Amino acid sequence: VIVMNHPTAIMVGYTPILTCHTEHVSCCFAEIISKVDRRSGQEVEKEPKSLKNGEAAFVRLVPSKPICVESFEENPQLGRFLIRDMQRTVAVGII
């Protein structure tokens, strides 16, 4: 996930709307696994407390209902998702 436009910090328990394909489902940030460098992909910090604008991380999202998704490796067009909150895009990511 790459955080693009969030007024504060994203922490575990944050519940925005996940948009993947044509699905719009609320999801919860269950775990922030590690913060990574956006350019190199190298791990910067394990289990950070929060994510701020411009930061990238591996996270575990739990949707409120089951959804069908594709992995980015198998189908790049369908392996992307948006995180939206407050009528704007907060973050983007790949599966």
Side-chain angles (χ1 to χ4, degrees):
V1 170
I2 299 172
V3 180
M4 296 172 50
N5 185 17
H6 194 271
T8 59
I10 293 177
M11 296 191 216
V12 172
Y14 175 56
T15 309
I17 301 296
L18 173 79
T19 302
C20 187
H21 315 312
T22 59
E23 287 284 327
H24 306 288
V25 178
S26 64
C27 69
C28 178
F29 276 73
E31 180 183 7
I32 302 174
I33 299 167
S34 65
K35 195 182 294 185
V36 295
D37 184 270
R38 287 177 61 176
R39 298 204 170 132
S40 67
Q42 297 290 345
E43 185 176 286
V44 176
E45 181 181 351
K46 274 193 169 213
E47 298 181 8
K49 298 281 185 199
S50 64
L51 297 173
K52 296 180 182 166
N53 287 341
E55 293 181 335
F58 289 112
V59 299
R60 180 164 290 121
L61 300 171
V62 178
S64 62
K65 67 177 187 177
I67 59 172
C68 182
V69 296
E70 297 286 335
S71 71
F72 185 78
E73 284 110 19
E74 290 179 21
N75 195 339
Q77 293 84 5
L78 298 176
R80 295 180 173 100
F81 64 89
L82 296 172
I83 301 291
R84 293 182 55 85
D85 196 12
M86 301 171 287
Q87 305 289 323
R88 61 183 177 195
T89 302
V90 173
V92 296
I94 60 173
I95 299 168

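Nothing here was measured: the structure is a model prediction, and the numbers come from that model.
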Participant: side-chain hydrogen bond (donor to acceptor under 3.5 Å, both in side chains) with Asp37: which residues, sequence neighbours excluded?
Facilitator: Ser40
Participant: For Phe81, check ring pair (Phe, Tyr, Trp, His ring centres under 6.0 Å) against everything at least two apart and list the hits.
Facilitator: none
Participant: Could you tell me whether the side chain of Asn53 reaches within less than 4.5 Å of the side chain of Val3, counting heavy atoms only?
Facilitator: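 A side-chain contact under 4.5 Å exists here.
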Participant: What distance separates Leu18 CG from Arg84 CZ, expressed to the nearest 0.5 Å?
Facilitator: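 Here the interatomic distance stands at 12.0 Å.
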Participant: If you define the side chain from C-beta out and look only at heavy atoms, does anything of Met86 sit under 4.5 Å from Pro7?
Facilitator: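 Yes. Closest side-chain heavy atoms under 4.5 Å.
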Participant: State which residues pass side-chain hydrogen bond (donor to acceptor under 3.5 Å, both in side chains) with Glu31; sequence neighbours excluded, sorted by chain then number.
Facilitator: Arg60
Participant: Decide side chain to side chain contact (heavy atoms under 4.5 Å, CB included) for Asn5 and Arg88; before the verdict, give the C-alpha distance in whole Å, the side-chain angles of both, and the deciding distance to 0.1 Å.
Facilitator: CA-CA 8 Å; Asn5 185 17; Arg88 61 183 177 195; 3.6 Å; yes
Participant: For the side chain of Arg80 and the backbone of Pro76, is there at least one donor-acceptor N/O pair under 3.5 Å apart?
Facilitator: yes
Participant: Do the side chains of Arg38 and Ile2 get nearer than 4.5 Å, heavy atoms only?
Facilitator: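 Ile2 vs Arg38: side chains touch.
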Participant: Val12, Val1: one ILVMFWY side-chain cluster at the under-4.5 Å cut-off?
Facilitator: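 Same hydrophobic cluster.
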Participant: Which pairs, with at least one residue in residues 62-78 and sequence neighbours excluded, count as a side chain to side chain donor-acceptor pair (under 3.5 Å)?
Facilitator: Ser26-Ser64
Participant: If you look only at pairs with a residue in residues 7-51, which of them pass as a ring-ring contact (aromatic ring centres under 6.0 Å, His included), with sequence neighbours excluded?
Facilitator: His6-Tyr14, Tyr14-Phe29
Participant: Got a sec, which residues hit side-chain hydrogen bond (donor to acceptor under 3.5 Å, both in side chains) with Thr15, two or more places apart in sequence or on another chain?
Facilitator: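 Partners of Thr15 under the side-chain hydrogen bond (donor to acceptor under 3.5 Å, both in side chains) test: none.
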Participant: Considering non-hydrogen atoms only, spot the tightest contact between Ser34 and Pro48 and give its length.
Facilitator: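 Taking Ser34 first and Pro48 second, the nearest heavy atoms are CA-CD, 4.0 Å.
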Participant: Salt bridge or not between Lys35 and Glu55? Use side-chain N to carboxylate O under 4.0 Å.
Facilitator: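 Yes, this pair counts.
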Participant: Could you report the tightest heavy-atom contact between Leu82 and Val92, atom names first, then the distance?
Facilitator: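 Leu82 and Val92 have their closest heavy atoms at CD2-CG1, 3.3 Å.
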Participant: Cys20 versus Val69: any side-chain heavy-atom pair under 4.5 Å?
Facilitator: yes
Participant: Look up atom CD1 in Ile32 and atom CD1 in Ile10, then write down how far apart they are to the nearest 0.5 Å.
Facilitator: 7.5 Å
Participant: If we check side chain to side chain contact (heavy atoms under 4.5 Å, CB included) with Leu61, which of these qualifies: Ile83, Val25, Ile95?
Facilitator: Ile83
